[in-house]
Amino acid sequence: MSKLDRRDLYAALTLLLLWGLFFWRYLTPVEVDRVALPRGDLSEHFYILRSFAFDELRAGRFPLWGQGVFDVYPFQADPESALFYPPVALALLGGLALGWSALPLQAIQLEAMAHVLLASFLCYLFLREEMKHRLAALLGSVVFSYGGYLTSYPLQQITFVEAAVWLPLALWSVKLLTNTGKKRCLVLTALAFTLAFLTGNPQNLTQLFYATLAYYAYQCWRTRLPWPVALKRLGLVLALTVGLSAVQLLPSLEWWRNSTRASISFEKAAVAFPPQDVVQFIVTGLVSYWQPLYVGIFSLVLAFLACATGRKRDLPFWAILTIVALIFSFGKNLFGFEVPYLTLPGYSLFRDQERHAYLVTFGLSVLAAHGLDTLLSPLKRWERKLVHH
């Protein structure tokens, strides 16, 4: 593990400053300048869930059940209630301690924006372990946090941004687990999985889990860790995850078993990007309202440079992850999604496969960071010619 020092503190302060500049109109105390996120799922769905939970707690009742259209509704069993997700629980209990009569909409908006800041910190932490230069780690963090994915519809679908936050932590911890095998790495990995689950977004959790599992397998292969040891560590992580998340996991499993989402057809599951949406890599506003694939031209150039030089040993993994996630994001519009749908548990439960943009943009962010890390390092003669041309 790389030792953090004062320069990493400066990087963290830079990320905090960028976050403040990006969201200043949502955070400013000057009312005439202040804006709110547009009306949508955040205000019309997730805020309603949070408000109901707050009102129940304020009335002295734990929100196990809610009132449905025709009958009572198992509120806590619904993963989107996120009652045991620490930031949500702290917001609800903090509001009670402050004597709020109702949960303000600004509270859930701040929750969404704060997770973008947390994503930038955790992404920097992971890339700091991967890069020789802090500036490269900083760039990758900025690309992921403020690219087209996290700053688009996930801010409305708050569970998407909250689940995405924990991917860098999961990747960082499994790399340490592979290299050291320390118990705290087992706990940290299980904690990352648990937090991603408690956000209430099982689709992003599934993508996070498989991406992390693939990275763990790659690291075990690269370090020649004996497979019995690797499987034992993974089993301990999964056992810890089940234990830590059991309070939400058990009722949610029953909820899913009786849900209309327990089984959906391939046609519904495979709805995804049309092929022309690859234009989002280059330009915005041309093919759709949201631009979840956009990471910037400069980032694409750096990612190409990283792949062209091939200097970094983990580059094949990130290139393959990005390409596979992109193929899956096209669903039935391109051959490839059939494989996880038929073979990987969980993939037959979710629709809207364009949400794989989450992994595509993260992979490109890592590749861009590797590209800048290469530029900041002494170049070989043929690499200088490549950059010059």
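Positions are given from 1 along the sequence.
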With side chains defined as the heavy atoms from C-beta onward, is the minimum distance between [X] and [Y] less than 4.5 Å?
X: Trp255; Y: Asp78; value: yes
X: Pro79; Y: Trp256; value: yes
X: Arg233; Y: Leu225; value: yes
X: Gln109; Y: Ser43; value: no
X: Met131; Y: His133; value: no
X: Phe328; Y: His356; value: yes
X: Leu90; Y: Pro87; value: no
X: Gln76; Y: Pro251; value: yes

Please tell me whether [X] and [Y] are part of a single hydrophobic cluster in this structure, the criterion being side-chain heavy atoms less than 4.5 Å apart.
X: Val283; Y: Leu300; value: yes
X: Phe209; Y: Leu342; value: yes
X: Val339; Y: Val360; value: no
X: Leu96; Y: Leu103; value: yes
X: Leu21; Y: Val35; value: no

Practice problem: Evaluate whether atom CZ of Phe62 has more than 12 neighbouring non-hydrogen atoms of other residues, nucleotides or ligands under 6.0 angstrom away. | Solution: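 Yes.
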Practice problem: Look at atom CH2 of Trp24 and say whether more than 12 heavy atoms of other residues, nucleotides or ligands are closer to it than 6.0 Å. | Solution: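 Yes, enclosed.
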Exercise. Given side-chain contact (heavy atoms from CB on, under 4.5 Å), test Gln353 with Phe330 step by step and report yes or no.
Key: CA-CA 7 Å; Gln353 301 307 321; Phe330 291 113; over 6 Å; no
Could you pull out all donor-acceptor pairs under 3.5 Å where a side-chain atom in residues 234-247 meets a protein atom, sequence neighbours excluded?
residue: Thr241; atom: OG1; partner: Val237; partner atom: O; Å: 2.8
residue: Ser245; atom: OG; partner: Thr241; partner atom: O; Å: 2.7

Would you call [X] and [Y] a salt bridge, taking side-chain N to carboxylate O under 4.0 Å as the test?
X: Lys175; Y: Asp314; result: yes
X: Lys332; Y: Glu338; result: no
X: Arg355; Y: Asp352; result: yes

Can you tell me how far the [atom1] atom of [X] sits from the [atom2] atom of [Y], to the nearest 0.5 Å?
X: Leu205; Y: Leu195; atom1: CG; atom2: CG; answer: 11.0 Å
X: Ile264; Y: Ser348; atom1: CD1; atom2: OG; answer: 7.5 Å
X: Gln280; Y: Trp290; atom1: CD; atom2: CH2; answer: 12.0 Å
X: Gln203; Y: Leu208; atom1: CD; atom2: CG; answer: 12.5 Å
X: Ser145; Y: Leu18; atom1: OG; atom2: CG; answer: 9.5 Å

Self-check item: Ring centers of Tyr215, Trp318 separated by less than 6.0 Å
Solution: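 Yes; Trp318 has its ring centre under 6.0 Å from that of Tyr215.
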Practice problem: Establish, yes or no, whether a centroid distance under 6.0 Å links the rings of Tyr347 and Tyr341. | Solution: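 That pair fails the under 6.0 Å test.
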Exercise. Show your reasoning for whether side-chain contact (heavy atoms from CB on, under 4.5 Å) applies to Thr322 and Leu359.
Key: CA-CA 7 Å; Thr322 303; Leu359 295 179; over 6 Å; no
Quiz prompt | Short side-chain to backbone donor-acceptor contact, Ser329 and Ala357, under 3.5 Å | solution =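 No; zero donor-acceptor contacts below 3.5 Å.
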Quiz item: Between Phe362, Phe121, Phe126, which is the residue that forms a ring pair (Phe, Tyr, Trp, His ring centres under 6.0 Å) with Phe144?
Solution: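 Running ring pair (Phe, Tyr, Trp, His ring centres under 6.0 Å) over Phe362, Phe121, Phe126 with Phe144 returns exactly one hit, Phe362.
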Quiz prompt | Leu93/Phe54 under side-chain contact (heavy atoms from CB on, under 4.5 Å): CA gap, chis, key distance, verdict | solution = CA-CA 8 Å; Leu93 296 177; Phe54 180 82; over 6 Å; no
Quiz item: Of the non-hydrogen atoms in Gly371 and Ala306, which two are nearest, and what is the gap between them?
Solution: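 So the two residues come closest at N-CB, 3.5 Å.
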Show the atom names and distances, to 0.1 Å, of all donor-acceptor pairs under 3.5 Å that link a side chain in residues 158-171 to residues at least two apart or in another chain.
residue: Thr159; atom: OG1; partner: Asn201; partner atom: ND2; Å: 3.1
residue: Trp166; atom: NE1; partner: Tyr85; partner atom: OH; Å: 3.1
residue: Trp166; atom: NE1; partner: Glu162; partner atom: O; Å: 3.2

Exercise. Step by step, work out the ring-ring contact (aromatic ring centres under 6.0 Å, His included) result for Phe281 and Tyr294.
Key: CA-CA 5 Å; Phe281 283 124; Tyr294 187 75; 9.0 Å; no
Exercise. Check the pair Phe75, Phe52 against ring-ring contact (aromatic ring centres under 6.0 Å, His included), reporting the backbone distance first and the verdict last.
Key: CA-CA 10 Å; Phe75 182 81; Phe52 172 78; 4.9 Å; yes
Quiz item: Which word best sums up how the rings of Tyr149 and Tyr153 line up, parallel for under 30°, tilted for 30 to 60°, or perpendicular for over 60°?
Solution: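 Perpendicular.
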Quiz item: Among side-chain atoms of His45 and Glu80, is any donor-acceptor pair under 3.5 angstrom?
Solution: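 There is such a pair between these side chains.
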Practice problem: Provide the full list of side-chain hydrogen bond (donor to acceptor under 3.5 Å, both in side chains) pairs with a residue in residues 6-23, sequence neighbours left out, each pair given once. | Solution: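 Listed by first then second residue: Asp5-Arg7, Asp8-Tyr124, Asp8-Arg128, Asp8-Arg134.
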